[in-house]
Amino acid sequence: MSTVLERPRVAVAPSGVAGAEEILTADALEFLTELHERFEARRQSLLAARAERQRKFDGGDLPDFAQATADIRSGEWRVGEIPADLLDRRVEITGPTNAKMVINALNSGARVFMADFEDATAPTWDELLQGQLNLRARWQGRLGFTDPGTGKDYRLGDTPAVLKVRPRGWHLDERHLTVDGVAISGGLFDFGLYFWHNARAALAAGSGPYFYLPKLESRFEAELWSEVFAIAEAKLRLPRGTIKATVLIETLPAAFEMDEILFALKENIVGLNCGRWDYIFSAIKRLGNRPDRLTPDRSAMTMDKAFLAAYSLRLIDTCHRRGAFAMGGMSAFIPVKGDEAANQAAMDKVRQDKLREVGNGHDGTWVAHPALVPVAMDAFAQMSGPNQLDRRPERVPGRDEMLQMHTGPRTEAGARENIRVGVQYMAAWLSGRGAVPLYNLMEDAATAEICRTQLWQWLRFKAPLDDGRTFDRGLFEQLFDEELAAIPDQPNLSEAAGLFRNMVLDERCEEFLTLPAYPLLP
Ligand SMILES: CC(=O)SCCNC(=O)CCNC(=O)[C@H](O)C(C)(C)COP(=O)(O)OP(=O)(O)OC[C@H]1O[C@@H](n2cnc3c(N)ncnc32)[C@H](O)[C@@H]1OP(=O)(O)O
Ligand SMILES: O=CC(=O)O
Ligand SMILES: [Mg+2]
């Protein structure tokens with residue numbers, strides 16, 4: 001049941017989170033309502049444009065650099081000024097917004113912490129509100145937590161990381177807050193509340209309202225964020241360009257509009273980031289109608305090869321030409337507990353990934369876990385300054401390389417891994433956890449998307465496996481049943497298995513796994 005607040009048109013679901021009313025204040029709700037009224041129609045038309053573009057890809061189109069924006073790509077322009085506390089971003093840690101992890105991340109020694117309402121969060125109503133309370137407490141200087149299990153106290157240290165927030169992508173609704181019965185955008189909800197309650201306090205503390213923007217597909221979607229930022233800044237009487245954002249280039253179409261995205265947001269943007277996991281997912285999904293783009297095992301699609309290597313080099317060149325940061329991405333290897341050799345091997349994989357990034361010219365990178373901060377710091381210590389803005393790659397890959405698919409094995413083991421990881425991830429998500437360790441890897445909404453779209457793709461084209469068999473429905477069903485039987489019982493397992501199986505068997509590629517799963521979340 002929902003409670004009707006002061007504005008009769010705005011309905012807010014009740015929450016058990018203590019202090020939620022400090023976040024859902026009348027003025028904050030008014031701000032969110034204004035954002036909704038101004039921008040909801042645009043959001044919906046941009047989502048429709050994604051579907052229209054998909055129809056063109058399905059009809060045989062391949063992504064290309066747009067003729068209409070050739071002058072933006074060839075012109076001489078640069079992004080706005082970068083604040084002092086964002087000039088050294090060599091290591092950024094990411095994670096969900098629960099109090100313990102926020103404190104651990106801010107104290108981790110990383111330069112930046114990205115508090116994540118996207119890939120690492122299952123957006124239950126309580127989790128979102130508690131997350132906003134935790135972030136607000138950070139700027140109010142009263143962030144603390146006592147672990148009820150261990151009794152351990154968590155307090156902010158003297159040199160916390162710079163805080164950034166990643167709101168949800170444009171595709172997600174926040175159904176617990178409606179205006180005239182219409183759910184507001186999840187992204188505007190996360191952005192709006194964080195901005196409203198913290199922008200001034202962050203500025204007063206010598207930092208600012210900083211964001212990461214996920215899953216953009218076009219310059220038009222970047223323009224929408226730019227307009228949102230302009231309205232938000234005006235609302236708090238902040239100078240234009242106060243908000244600073246980094247955009248994840250993590251969809252195939254966006255990789256062909258990097259200049260245009262920087263241009264559309266040039267007052268507010270400070271960099272682009274290689275969101276490799278969503279990028280792989282997008283490459284499978286967007287060109288899912290092409291049998292010539294069959295993928296090898298998930299583990300074979302590495303950043304040093306094919307379209308992934310090409311886009312990261314192009315991102316570095318594009319950013320540095322415009323005075324923007326070129327951020328690397330996330331290795332999925334995490335510390336391995338209880339097996340020192342395996343742990344060292346995981347650390348080495350992360351080290352190699354970070355050395356590749358710094359060697360190519362990235363200005364910084366992401367880590368998933370505090371124990372990886374020193375590994376990444378060490379690799380990025382080889383920069384001659386706080387960043388590498390003055391470096392450009394010797395070679396800038398063009399369209400063909402940006403579309404080149406990896407070669408590599410396509411195996412039963414790969415299919416089995418996709419099933420057991422994808423199903424368990426979805427069970428965790430339905431239970432309120434957006435990032436989980438599975439088989440010694442970090443798994444989140446983006447990595448799990450690869451699992452299910454890859455199986456969907458292999459099935460659609462009856463992909464040949466290395467052992468000579470084809471991946472047909474019979475084989476999928478057999479592997480699915482065997483893997484499911486071996487997964488330890490856990491909450492929401494059968495719901496997750498049902499959702500996952502349906503998406504793999506669906507004729508069309510479901511746009512995001514979180515869309516059919518969201519109605520099942522509290
Ligand atoms: C594709 C993308 O979008 S990448 C970005 C989104 N993904 C993420 O942000 C993933 C972030 N990482 C995580 O959530 C976690 O590290 C996981 C799920 C991968 C692993 O979790 P666990 O196995 O529970 O971690 P582990 O038990 O080793 O944690 C040890 C300590 O480090 C802390 N920790 C682990 N990861 C993080 C993190 N990212 N931020 C802050 N603290 C962390 C834990 O809270 C724990 O603290 P404690 O000792 O005080 O209790
Ligand atoms: O958000 C990051 C990604 O790799 O996806
Ligand atoms: Mg992502």
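Counting starts at 1 for both ligands and their atoms, in listed order.
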Practice task
Please confirm whether Pro437 comes within less than 3.5 Å of ligand 1 when only nitrogen or oxygen atoms on both sides are compared.
Solution key: no

Handout entry: Note, Glu401 side chain near Leu313 side chain (heavy atom, < 4.5 Å)
Key = no

Handout entry: Atoms of ligand 1, numbered as shown, that sit under 4.0 Å from any heavy atom of Asp116
Key = 6 (C)

Exercise for the section: Verify, without hydrogens or angle tests, whether Asp444 (side chain) and Thr447 (backbone) share a donor-acceptor contact under 3.5 angstrom. Expected result: yes

Exercise for the section: Decide yes or no for Arg356 and Ser312: does some side-chain heavy atom of the first lie under 4.5 Å from some side-chain heavy atom of the second? Expected result: yes

Exercise for the section: May I ask you to say whether Glu217 pairs ionically with Arg53, meaning some side-chain N is under 4.0 Å from a carboxylate O? Expected result: no

Practice task
Indicate the atoms forming the closest heavy-atom contact of Phe65 with Phe256, along with that distance.
Solution key: CD2-O, 3.5 Å

Exercise for the section: Return yes if some donor-acceptor pair links the side-chain N/O of Gln388 with the main-chain N/O of Ala326 below 3.5 Å, else return no. Expected result: no

Handout entry: Part of Thr150 within contact of ligand 1 (heavy atoms, under 4.0 Å)
Key = neither

Fill in the blank from the handout: Counting from 1 in the order shown, the ligand 1 atoms closer than 4.0 Å to a non-hydrogen atom of Arg166 are 3 (O), 5 (C), 6 (C)

Practice task
Provide the atom name of the closest N, O or S atom of Asp278 relative to the Mg ion (ligand 3).
Solution key: OD2

Exercise for the section: Have a look at ligand 1 and work out which part of Thr94, if any, has a heavy atom under 4.0 Å from it: side chain, backbone, both or neither. Expected result: both

Handout entry: Glu449, portion touching ligand 2 at heavy-atom distance under 4.0 Å
Key = neither

Handout entry: Nearest neighbour in protein (non-hydrogen) for atom 3 (C) of ligand 2
Key = Glu250 OE1, 3.4 Å

Handout entry: Atoms of ligand 1 close to Ala368 [distance to a heavy atom under 4.0 angstrom, numbered from 1]
Key = 11 (C), 12 (N), 13 (C), 16 (O), 36 (N), 37 (C), 38 (C), 39 (N)

Handout entry: Test item: Phe281 and Arg452 side chains (from C-beta on) under 4.5 Å apart, heavy atoms
Key = yes

Exercise for the section: Scan the protein's non-hydrogen atoms and note whether one is under 4.0 Å from atom 31 (C) of ligand 1. Expected result: no

Problem - Residue portion contacting ligand 2 (non-hydrogen atoms closer than 4.0 Å) for Trp366 - result: side chain

Handout entry: Under-4.0 Å salt bridge between Glu511 and Arg286
Key = yes

Problem - Per-atom contacts of ligand 1 with Met442, taking only distances under 4.0 Å to non-hydrogen atoms - result: 4 (S), 7 (N), 10 (C), 19 (C)

Practice task
Indicate yes or no: at least one non-hydrogen side-chain atom of Phe263 is less than 4.5 angstrom from one of Arg219.
Solution key: no

Problem - Part of Met114 within contact of ligand 1 (heavy atoms, under 4.0 Å) - result: neither

Completion exercise
Per-atom filter on ligand 2: closer than 4.0 angstrom to a heavy atom of Arg166 are 1 (O), 2 (C)

Handout entry: Pro335 touching ligand 1 at heavy-atom level, < 4.0 angstrom
Key = no

Handout entry: Sub-4.0 Å atoms of ligand 1 with respect to non-hydrogen atoms of Ala435
Key = 10 (C), 14 (O), 18 (C)

Practice task
Just to the nearest 10 degrees, tell me the angle at the Mg ion (ligand 3) spanned by Glu250 OE1 and Asp119 OD2.
Solution key: 160°

Problem - Under-4.0 Å heavy-atom contact with ligand 1, by part of Lys215 that carries it - result: neither

Practice task
Report yes or no: does Glu250 have a heavy atom closer than 4.0 Å to ligand 1?
Solution key: no

Problem - Sub-4.0 Å atoms of ligand 2 with respect to non-hydrogen atoms of Asp278 - result: 3 (C), 4 (O), 5 (O)

Practice task
Check whether any side-chain heavy atom of Leu521 sits under 4.5 Å from a side-chain heavy atom of Pro123, and report yes or no.
Solution key: yes

Exercise for the section: Look at ligand 1 and say whether Tyr154 reaches it with a heavy atom at a distance under 4.0 Å. Expected result: yes

Practice task
Between Ile450, Asp444, Val102, flag the one that comes closest to atom 1 (C) of ligand 1 by a heavy atom.
Solution key: Asp444

Exercise for the section: Take every heavy atom of Lys152, measure it against each atom of ligand 1, and state whether any distance is under 4.0 Å. Expected result: yes

Exercise for the section: For Lys337 and ligand 1, answer yes if some heavy atom of the residue is under 4.0 Å from a ligand atom, otherwise no. Expected result: yes

Exercise for the section: Return the minimal non-hydrogen interatomic distance between Met330 and Ala368, and the atom names on each side. Expected result: SD-N, 3.2 Å

Practice task
Using a strict 4.0 Å cut-off to heavy atoms of Val436, name the atoms of ligand 1 that fall inside it.
Solution key: 18 (C)

Problem - Lys244/Asp85 ion pair, N-O < 4.0 Å - result: no

Practice task
Check ligand 2 against Gly275 and write out every atom of the ligand that is under 4.0 Å from a heavy-atom position of the residue.
Solution key: 2 (C), 3 (C), 4 (O), 5 (O)

Problem - Under-4.0 Å heavy-atom contact with ligand 1, by part of Met330 that carries it - result: side chain

Exercise for the section: Would you confirm whether Arg391, through its side chain, and Gly359, through its main-chain N or O, come within 3.5 Å as a donor-acceptor pair? Expected result: yes

Practice task
Have a look at ligand 2 and work out which part of Asp119, if any, has a heavy atom under 4.0 Å from it: side chain, backbone, both or neither.
Solution key: side chain

Problem - Result of checking Arg166, Lys215, Arg168, Lys164 against Glu118 for salt bridge (Lys or Arg N to Asp or Glu O under 4.0 Å) - result: Lys215

Problem - Tyr194 and its ring-ring contact (aromatic ring centres under 6.0 Å, His included) partner, picked from Tyr210, Phe211, Phe189 - result: Phe211

Practice task
Find out whether Leu47 and His171 are in side-chain contact, i.e. whether some heavy atom of one side chain is under 4.5 Å from a heavy atom of the other.
Solution key: yes

Handout entry: Numbered atoms of ligand 2 (with element) below 4.0 Å of Ala446, judged on heavy atoms
Key = 5 (O)

